[in-house]
Amino acid sequence: MVELIQQLIDGLGLGSEYALLALGIGLTFGVMRMINFAHGELITVSAYVAYGLTLIGLDWWMLVPVIVATSIATSVALELVAFRWVRGASDFAMLLMSFGVHFVVQAGFVMYVSASARAFDRPSWINNTVSVGGVRVEVVDVAVIAVTVATLLGTLAVLRRTVYGMAIRAAAEDFDTAQMLGVRSNLVIRSAFALAGLLAGVAAVLLLMRTGRAAPSAGLIPMLKGVLAALIGGLGRLQGAVVGGLVLGVIEVQLVSRLPDEVDGMVNGIVFVLIALLFIFRPAGMLQTAAAERV
Amino acid sequence: MTVRLAQRLVPDMAAGGVLFAAVAAVGLVYVWGMGDAASERLFTSLLINATVVVGMQIFIGNTGILSFGHVGFGAVAGYAFVLFAIDTDRKARLVPDAPFGLVDLTVHPAAAIAVAVVLTVAVAAVVGLGLVRSAAASGAIAPTVITLSLLFATFELAVNWTDLTGGNRAGLSFRPGTAMAGRGYAYAALVVALLVAGIYRRSRSARLARAVREDGVAARSLGIHPATHQMWALLLSVAVVAVGASLRVWLTGTISPERFFIDYTLLTITMLVVGGRNSITGAALGTVVITALLETARVVSGPDVDPGPFDVILRPGLSDLVLGASMLGFMVLRPRGLLDDWELAGWLGPRLVKRPQPDAAPPEATGAAPPQPAPGQPAPSRLAAAGVTVDFGGLRGLDNAHFLAGSGRVVGLIGPNGAGKTTMLNVITGVVGAQGQISLEGDDIAGLPPYRLARRGLARTFQNLRLFEALSVRENVEVAALVGTRSARRAEQTAAGLLGLCGIADIADVRARALDYGASKRLELARAAAQAPGFLLLDEPTSGFSELESVIIVDQIRRIADVLGCGVVVIDHDLAFITNLCDRVYCLDQGSVIAVGSPAEIRAHPAVRAAYLGG
C-alpha cells in the first residue's frame, strides 16, 4: 500500500511534467491545427540558458524566472520566424515545418555550442526527502506536483476568465468563425504560443532541476511524451491533454517498478509500443473525443 | 487482355528504366571524374538511399500520411538481415548469447534480404493496424505521431537488446573487406523499386488510396474503405524499404542503432519532400539533389578547405542545418516539392503508346457503356426511413422524421435552413448516427459505415463540395467507377460517358482544384453517378446557380436518372425548383416532416406556406 502510494506520487510528479507539455501542445494545436514537433526546443533553449547562467554563478532561485521567460520568448519567436508562414497549410506541411525547426535549432546548438551534453549544478535540496506516515516522499516530487497544479489551475483560470483565454478557446473550437467574429488571429495565435511557452518553461524548470543537463537533443523525448499525452487525451481537448499526461506518467512509473531490471533502458520504447497498440483499439485516443468532421 | 496489360505497363517500365539510367549516369560520371573509393561509396549509398526514398514514396505519396517510422522498419530489416547474413564464427564472437538459435544459422546475403523483408512486413502488418485505424478516426496527424514513437521504440530496443544487436557501441558488422561485395544488388534493387512503385501507382488500390488522401469523407461516401488501401500501400512500401535497408547494412558492412534513427529519417524525408512526395520521379530527383547538396556541404566544411570568413557556417553540424533548412524552405515556398506530382511515366505514356482516347461524347452517341451496378447485386428499389431522431447536444436535429424513396422517381426534401434536410441525408448515408429505422430494400441499414452504404447503392453529393482536388476531372469520376469494378477499362468508359452527360468532357484533364463552382458541382454529380447507385442523393445541386444553369443541371439529373434507372433524392430550399423536378416532396421544418405530397399539394399546403412565408 505504502509502495503503491509512493509510486502514485512519483507517477503524478512525472505525469504533471508531461501534462504541462501536452497542454502547451494542445493549445498551439487548437489555434493552428499543427502538432508542434519543435515544442521540445523550448526545453533545449532553456537548458542552455540555465547552463550559461550557472556558469556565471547565478543561484537556482534566480534561474526560475529567467528560464520561464526564455521559454515564452522562444515560443513566440518561433511562431514569428517560422510557423506563421505555414498557417492554414496542409497537415503535412505543418508537421514537416515543426520537424524542420527542431532540426535547425538542434543543428544550431551542435554548431555553435557543443555536440556533447553540458552538465550544471542542480539545487542542493533536490535529493531531500520527508516521511509522511511511512511514505517517503522526495521534496522535489511534492514541489513538482504543487507547481504543476498551481500552473494548470492558473492556465485554466486564464482560459476561462480573460478575454485572451476566451479567444483562444473559441479559436480552438472553430478558428474561422472566431476570426469572423472579430477575434484577431495574430493575437490569438501568439497568446497561445506565449501560454504554451510559459507551460513549457515551468516544465523545463522542473525537468532541469532533476537532470542538470543541457544537450542539443534534450527536448526530443519530453516533446514526444507531450505529443503522445495530447494524443492519448484526444487532440484538441485541453483537459484531455492534462489527463493524458498524468496517465502517461503513472503508467511509466508502474512499468519501471514492475519490469525486470534488464529491460530498464527500454521503458520509453515499451511505452511507445504500448501507445501504438492502444490506437488499434482506441483509434481516436483514450477518451475517444475526436470531433466529427462537418459535412 | 494480356496485350492491354502489357501496353499499360510500357510507360512505367520505360520511366523506371530512364530514371534508373539517369541516376546511374549522374553517379557514374561523378565516380569516373573523382576516381577514388570514396566517390564510389557515395554513389552506392545514393543508389540505396534512392531505393529507400522510393519505397517511402509508395506509402507517403499515395496515402498522404507522413511517416517517420519507415526508418524504424528499416532498422528491423537491417538487424534481421545482418543476423542471418554474417557467418557463424563472427556471430559467436559478437553476439554469443543471441536467442532463437541464431548463432548457428547463416544464409547467403540475398536470402537474408528475403528473410528481412518477410519479417519486417509482418511487423508492419501489426503496427499498420493501429496506424490505419487511427488515420480513419482522426486524420493524418495521429498516425504520424505513432510512426515517430515507433522510430524511438525500435531505437531503444536496438540499444538495449544487446544479446541480439550488439548494443550501441559495437553494433554488428561483417568481416572487414567484404563490404562492397553485393554492389550489383544495389543497382538491381533501385530498378525493382522504381518498377514496383510505378506499377503500384497505376493500380486500382493506389488510385483509391489517393482518393482517400484527397478527401477521406468523400472517398468513404464512394464506397472506399480507407484502411484497406492504406494497409496495402504500407506493406508494399515497407517491403521496398526493407530491401534498401538490408543493402545499406550489407554495403557499409555494419549496423548500429544510430544508423537507422533520427538522422537517417531526416535525410530520407527531406529527399522525398524536396523532390516531391507525390511523385516517384520526384523521390529519385530529391535523392540526387540532396545528396549533391550534402556532399558539397561536406567538402566545403571539411579539413581540406580553408574556411576563411565562412568559418561561422562551415563547421560540423552543417549537414543537419542544410537538411532542416531545406525542409523549412520547401514547406514555406513549395510545399509539394520540386516536381509536385509530375511523373515521367505520365509524360512518356502518350509518346510511347498510341491508344484511342476514350471518347468524350454522350453515351447515346458513342455507345460508351453507361455505369452498371456491380454484378450479382441488383439495384435497390426502396429506401425508407421511419422514426428518425437526432440530437446534437441539446439541439434536436431531427424529430421522429420519416421518408420514403423508390427507384425511377425523384423525391424532394425541402424546408427552410436548419430544417434538418442535410442531417437526414447524413443519417441515411451513415455520416451521422441516429435513433430510428432506416432500410434499403427492406434490410435494416442503420448504423452501417458510409463505405458500406455506398457499396449497397447509395451515392451522394455534398453541400460544401468535396472533390479530390489534386486529381483531374476524369480521375475523379474514374475513381468512383473503380470502386464497383476491377476493370480499369470499364471505369474509363463509364467516366467518359458521364463526363459527356454532365457537360464536362472538354475539361476532363483539368485538376479539380482549378474548376469554377459550376463545373465543380457538375463533377460531383458525375462522380456520384459513376458509382452506379440505386439512389442518388443530391444535397442542393443548384445552390449558387443562375436560373439558366439550374435548368441545365436539372435536365442533366433527369438524364442520369434515366440512364441509371435509379431513384433520386434532392435537397433544396427553393420551392419552385424542386416542384419542377420532383414526383413527390417531403417538407421538413425544425426537424419534423410537416407535409408530404405531390408538388402541387405541397405548394398549397398551409403548414408549408407558414414555414416558408412565416405566415
Side-chain angles (χ1 to χ4, degrees), chain A residues 29 33 35 37 82 85-86 89-97 99-112 115 216-217 220-221 224 227-228 231 234-235 262-273 275-285 288 290 292-295, chain B residues 64 66 68 126-127 129-131 133-146 148-150 152-157 159-161 216-217 221 262 266 269-270 273 277 313 315-328 330-332 335 422 426 431-432 462-464 466:
Chain A
F29 179 81
R33 301 283 127 184
I35 287 286
F37 285 127
W85 301 108
V86 290
S90 64
D91 287 349
F92 203 98
M94 290 199 283
L95 286 169
L96 280 180
M97 185 76 186
F99 196 61
V101 168
H102 159 76
F103 277 101
V104 169
V105 174
Q106 184 176 323
F109 282 114
V110 169
M111 289 170 74
Y112 300 109
S217 59
L220 195 57
I221 292 283
L224 194 54
V227 170
L228 287 173
L231 210 60
L235 274 178
E262 302 93 76
V263 298
D264 255 5
M266 272 191 261
V267 168
N268 279 335
I270 292 169
V271 169
F272 294 149
V273 170
I275 290 173
L277 295 179
L278 167 84
F279 281 94
I280 298 179
F281 304 103
R282 315 271 309 171
Q288 296 278 34
E293 204 175 345
R294 206 182 131 83
V295 292
Chain B
L66 176 59
F68 293 119
V126 177
V127 170
L129 219 54
L131 219 61
R133 279 176 58 86
S134 70
S138 47
I141 291 175
T144 301
V145 177
I146 296 173
L148 185 60
S149 50
L150 281 170
F152 279 78
T154 47
F155 174 72
E156 288 222 344
L157 194 69
V159 169
N160 288 288
W161 198 353
V217 173
S221 81
I262 199 128
L266 173 67
I269 296 261
T270 310
V273 299
R277 64 181 189 267
I313 184 85
R315 37 175 93 193
L318 180 61
S319 65
D320 272 12
L321 186 71
V322 168
L323 291 175
S326 325
M327 197 177 267
L328 297 190
F330 270 87
M331 284 311 108
V332 173
T422 298
N426 284 343
V431 179
V432 168
F462 295 87
Q463 197 174 348
N464 43 353
R466 285 181 168 273

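Residue numbers begin at 1 in each chain, while the letters A, B, ... track the order of the sequences.
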query = Quick one: what part of V104(A) sits under 4.5 Å from any heavy atom of chain B, side chain, backbone, both or neither?
reply = both
task = With the side chain counted from C-beta on, respond yes when F103(A) and M327(B) share a heavy-atom pair under 4.5 Å apart, and no when they do not.
result = no
remark   = Rounding to 0.5 Å, atoms CG (N268(A)) and OG (S149(B)) come to a distance of 11.0 Å
note = Answer key: most heavy-atom pairs under 4.5 Å with chain B among A107(A), G100(A), S217(A) is G100(A)
ask   = Between atom CG of L224(A) and atom CZ of F68(B), what is the distance when rounded to the nearest 0.5 Å?
value = 10.5 Å
request  = Determine the option with the most heavy-atom pairs under 4.5 angstrom with chain A, choosing from L318(B), I269(B), V159(B).
outcome  = L318(B)
note = Closest heavy-atom pair, A153(B) versus G269(A), reported as atoms and distance to 0.1 Å, is CB-O, 3.6 Å
ask   = Can you check whether L148(B) reaches F37(A) side chain to side chain, under 4.5 Å on heavy atoms?
value = yes
inquiry  = Do L220(A) and I262(B) make a side-chain contact, defined as non-hydrogen atoms from C-beta onward lying under 4.5 Å apart?
reply    = yes
task = Supply the atom-to-atom distance R33(A) CZ to I141(B) CD1, rounded to the nearest 0.5 angstrom.
result = 8.0 Å
query = Is L328(B) close to V101(A) at the side-chain level, that is, under 4.5 Å between some pair of heavy atoms?
reply = yes
query = Under 4.5 Å between any side-chain heavy atoms of I146(B) and I275(A), yes or no?
reply = no
remark   = ring-ring contact (aromatic ring centres under 6.0 Å, His included) filter on F109(A), not counting sequence neighbours, yields Y48(A)
task = Could you grab the distance from atom CD of E156(B) to atom CD1 of I221(A), nearest 0.5 Å is fine?
result = 6.0 Å
Close side-chain approach of M97(A) and V332(B), heavy atoms under 4.5 Å = yes
task = Answer whether the closest heavy-atom distance between the side chains of L96(A) and F330(B) falls below 4.5 Å.
result = no
query = Hey, are the side chains of F272(A) and F155(B) touching, using non-hydrogen atoms and a 4.5 Å cut-off?
reply = no
query = With only heavy atoms counted, which part of V273(B) is less than 4.5 Å from chain A, the side chain, the backbone, both or neither?
reply = side chain
ask   = Looking at CZ of F92(A) and CE of M331(B), how far apart are the two atoms once the value is rounded to the nearest 0.5 Å?
value = 7.0 Å
